[in-house]
Structures are given as C-alpha cells and as structure tokens.
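Structure first, then comments.
For this chain, numbers begin at 1 and follow the sequence in order. Whatever order the structure lists them in is the order used to number ligands and atoms, beginning at 1.
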Amino acid sequence: MAEQDSQDYEYREREIEDMSDQAFRFGEGRISGYSAAALGILSFFAVLCYQFPAWLTTADLRAVYDGEVLQKVLMVAMWGSLGFALLTFVLGKQRKLGAIGVLFTVAGFACGGYTVPVGEVEHQPLSLGLDWLILTLLMSVVLFTFLEKIVPKYREQAILRPEWQLDLFYFCFNHLLISVLLLVGNYFVATVFGWAISAQLQGFVQSLPTVVQVIVLIFCADFVLYWSHRFFHEKPALWKIHAVHHSVEHMDWLAGSRNHVVQMFVDRCLAMVPLYLIGADKQALDAYVIFAGIQAVLVHANVGIPFGPLKYIIATPQYHHWHHSSEKPAIDTNYAVHMPFYDYVFGTYHMPKEHWPAHYGTTKRLPRTFLGQLLYPFRPEKD
Ligand SMILES: [Zn+2]
Ligand SMILES: [Zn+2]
C-alpha cells in the first residue's frame, strides 16, 4: 500500500511537471500580458456597472461598499492595465494579451471611465451581480494567488492549470446569478419555514455575545449542510448533479466554483434555513457570512498551511481535498463544510496524518464543457 502511495505521488508529480510550460516567469511577458488583459476586461465591466447600476449591480452589496472609493480603485486598474500592456509590448511577447487590455481599457474610457457620477439607483427586483463578480474575482485573485504562491501544497502546479477557463466561467456564471439566488432563497425560507419562526428563540440568541452567536450559526448551518451534502452523495439522481463539483482534477481556489446551477439554488435555499430561524443579530450574521465565504474558497485552494491541532476543529484545505479524492477509502467522507465535528459524530471522518490525496476527480469522467456538465444530470446513463 505504501509502495502504491509513493507511485501515486510520483505520477502526480510528473503530471504537475507537465504544467511547467504554463508557469508564469519574469521577463516572458505572460505576467504583464495577463494582468493587462484581466485589468482591462474587469475595468470595462466596472464602468458598465457605474453606467447601469440598476441592472448590473446587487442592491445588498451596493449598501456595503462606497461607489466613490471604488472609482479610485477603478482608476488604478485602468491605468494599471495600460501600464502592463506597455510593458508587454516592450518585452515583445504576448502582444495579443496586451492588445486585449488596451482595447477593453479604451472602451472603458469611451463609456465614461472612472468619472461616471455615482447617484441614487432605481430599484429593480432582479439584476445581474456584475459588481459582486468583479469585486470577489479581484479580491480572490489577489489573496488566494498570493497564498498559493507563498505556501503551496503542489508547488509545481501552474496558476493556469488545466481547465482553469471552465472554472473561471463557472465563477462568473454563478456570481452573476447572486440576486436571483438571494431572491429565491429568501422566498423559499419565508414561505416554507415562516411558521417555524420563534420570537422567544431569536430573542434568546440575540442576547448572547456575538462570538457565541457566530458559533451557534456555524454549528446549526453545518448540521444542515452536512446532511444535504451527504444526500447529494448517497442519492444517485442527486449525485449526478453534485458530481459536477467533484469533476475537478486539479485543486485550487478556483476549483470550488464548479457547481451545477441546480446545486447553487438548492444549497442557497437550504443554507438560509438555519440563518433564518436562528435570527442572530446583523453583526454575527455578517461575521458568519464572511467566514463561510472565505472558508469555501480556502478549502479548495492549493495551499499547504500547517494548521496544527486546528485542523481537527475547522475544515481545512487538507480535509476538503480528501473529500475530493477519487480513491477509496476517501470517497464519500468529510461531508461537513465548516468543521469536521459532524463527520466524527456520524462516522464519515477521513484524514490520514500528514498525507494528502494523490488523485482528484470522479471515478467516472464527466463531460469537460459547461454545457455538457449542465445537461449531464438529465441524460440517461450510457452503460
Ligand atoms: Zn461532495
Ligand atoms: Zn469542494
């Protein structure tokens, strides 16, 4: 078994070495080229958000950020894109990426640039979460790419690893849906669980210190998430939906974005049930949402931070990487989202000491396109 494990590791190391031609190295124009293109594209869409906020931005999120402060960020991004494009042209490589950056940035300037006045926004019941997409993408790229570079688990894995475009598409698609997800989730909890609201319970919860409220939220939410996740694994029809998430074969911060749209709606509705019933105060709820959001990305990341004894208390990358392993006995283990606690209780905990999986993905390979994966759960089995 030990020999098999070491062979698996060697295989994986070789597979990762094949990615080395995708790596970013200084002086090759790829870093500046991709930076120019990414900043240009994001800036262009950010300008559109300022031009059409009612249709392209999220009401809940608008309340949190300062549009005028973000215009300064936009200014830096637009000039940054042009600067990186210039560097790309000077280096004489990856000129196409530099040109994409210039094209989008110039289009952004033509649409009003970073000086579009920020005013009152007309309310729309539904809008695209383009602001949510741009802000989370920018923050995730900066934070998690940095972490994956300074404390990587698989050092040779390229940032642009296989299928990154597919997962980026999932990231964009699922983030744009935010206001539809929130609307459906709110409607679901209010109509199905409205009767279960207890003012007494909510009053008691709100009388607790904020830290305790957050812990209560984590325990209650994780119970619901553990069982819904387990059902998605154990019921064959549900598994075909959830298999899309497990079809990722290279783990990094972007990998967690791969979720079937049905899964997105079911997860959102179910995750809101405990939050709705517990009725914690806003501070505790905000803290929980931030914790859950960061953890959901971190557990997929190619990050080998040594968590020490903390790894037995909270869900870490190592813990969730085992959940994505395609090898027995890791299959169908580690269902919890926030803490391994319910896996201990219900007998599904799996975490070999200091050891990480050699392979990720599903035992049966899924289609490798967004559309193929969208239709996969609804197509009859071929064999
Ligand atoms: Zn799963
Ligand atoms: Zn996952």
Side-chain angles (χ1 to χ4, degrees), residues 136 140 144 147-148 153-154 157 161-164 166-171 173-175 221-271 291-305 307 311 314-343 346-351 356-366 370 373 376-377:
T136 45
S140 303
F144 291 105
L147 272 181
E148 289 184 349
K153 174 59 198 165
Y154 304 110
Q157 179 168 301
R161 43 80 179 170
E163 298 184 349
W164 69 270
L166 176 63
D167 292 329
L168 182 62
F169 186 84
Y170 269 103
F171 185 98
F173 185 84
N174 291 341
H175 276 76
D222 221 15
F223 181 79
V224 174
L225 295 171
Y226 174 93
W227 281 106
S228 71
H229 192 178
R230 191 162 168 174
F231 275 122
F232 267 104
H233 275 254
E234 293 181 355
K235 304 287 167 204
L238 291 178
W239 166 249
K240 289 185 81 179
I241 294 169
H242 188 56
V244 170
H245 180 64
H246 281 267
S247 68
V248 174
E249 291 169 357
H250 299 90
M251 297 290 280
D252 66 1
W253 68 269
L254 194 54
S257 310
R258 194 182 294 190
N259 280 301
H260 194 279
V261 68
V262 173
Q263 175 107 53
M264 292 296 293
F265 278 96
V266 173
D267 283 355
R268 174 64 58 171
C269 289
L270 294 179
F291 166 75
I294 294 175
Q295 193 185 30
V297 182
L298 181 67
V299 293
H300 294 94
N302 173 22
V303 163
I305 302 172
F307 280 85
K311 71 177 181 184
I314 60 163
T316 60
Q318 187 186 9
Y319 164 87
H320 194 67
H321 276 223
W322 275 114
H323 178 69
H324 277 264
S325 167
S326 56
E327 300 153 299
K328 282 185 173 175
I331 293 174
D332 296 339
T333 62
N334 296 3
Y335 291 120
V337 171
H338 301 315
M339 313 166 301
F341 175 74
Y342 292 110
D343 286 292
F346 300 115
T348 49
Y349 182 68
H350 179 82
M351 181 110 98
W356 288 61
H359 298 290
Y360 299 101
T362 46
T363 47
K364 183 181 172 195
R365 220 158 182 257
L366 266 65
F370 178 79
Q373 295 186 349
Y376 173 74

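Taking the ring axis of Tyr319 as reference, the NZ or CZ atom of Lys311 does not stay both within 45° of it and closer than 6.0 Å to the ring centre.
Side-chain atoms of Asn334 and His350 form no donor-acceptor pair, as typed in the model, at a separation below 3.5 Å. For the residue pair His338 / Gln295, a side-chain donor-acceptor distance below 3.5 Å is found, with atom types taken as modelled. At a cut-off of 3.5 Å, with distance as the only test, no side-chain donor of His300 or His323 sits close to an acceptor on the other residue.
Using the six-membered ring where Trp is involved, His242 and His229 have ring planes that are perpendicular, over 60° apart on the 30 and 60° scheme.
Counting only residues at least two apart or on different chains, the salt bridge (Lys or Arg N to Asp or Glu O under 4.0 Å) pairs with a member in residues 252-266 are Arg161-Asp252, Glu163-Arg258, Asp167-Arg258.
Here His300 contributes NE2 and His320 contributes NE2, and at the Zn ion (ligand 2) these two atoms make an angle of 90°, given to 10°.
Note on the Zn ion (ligand 1): protein N/O/S atoms under 2.8 Å are His229 NE2, His233 NE2, His242 NE2, His246 NE2, His323 NE2.
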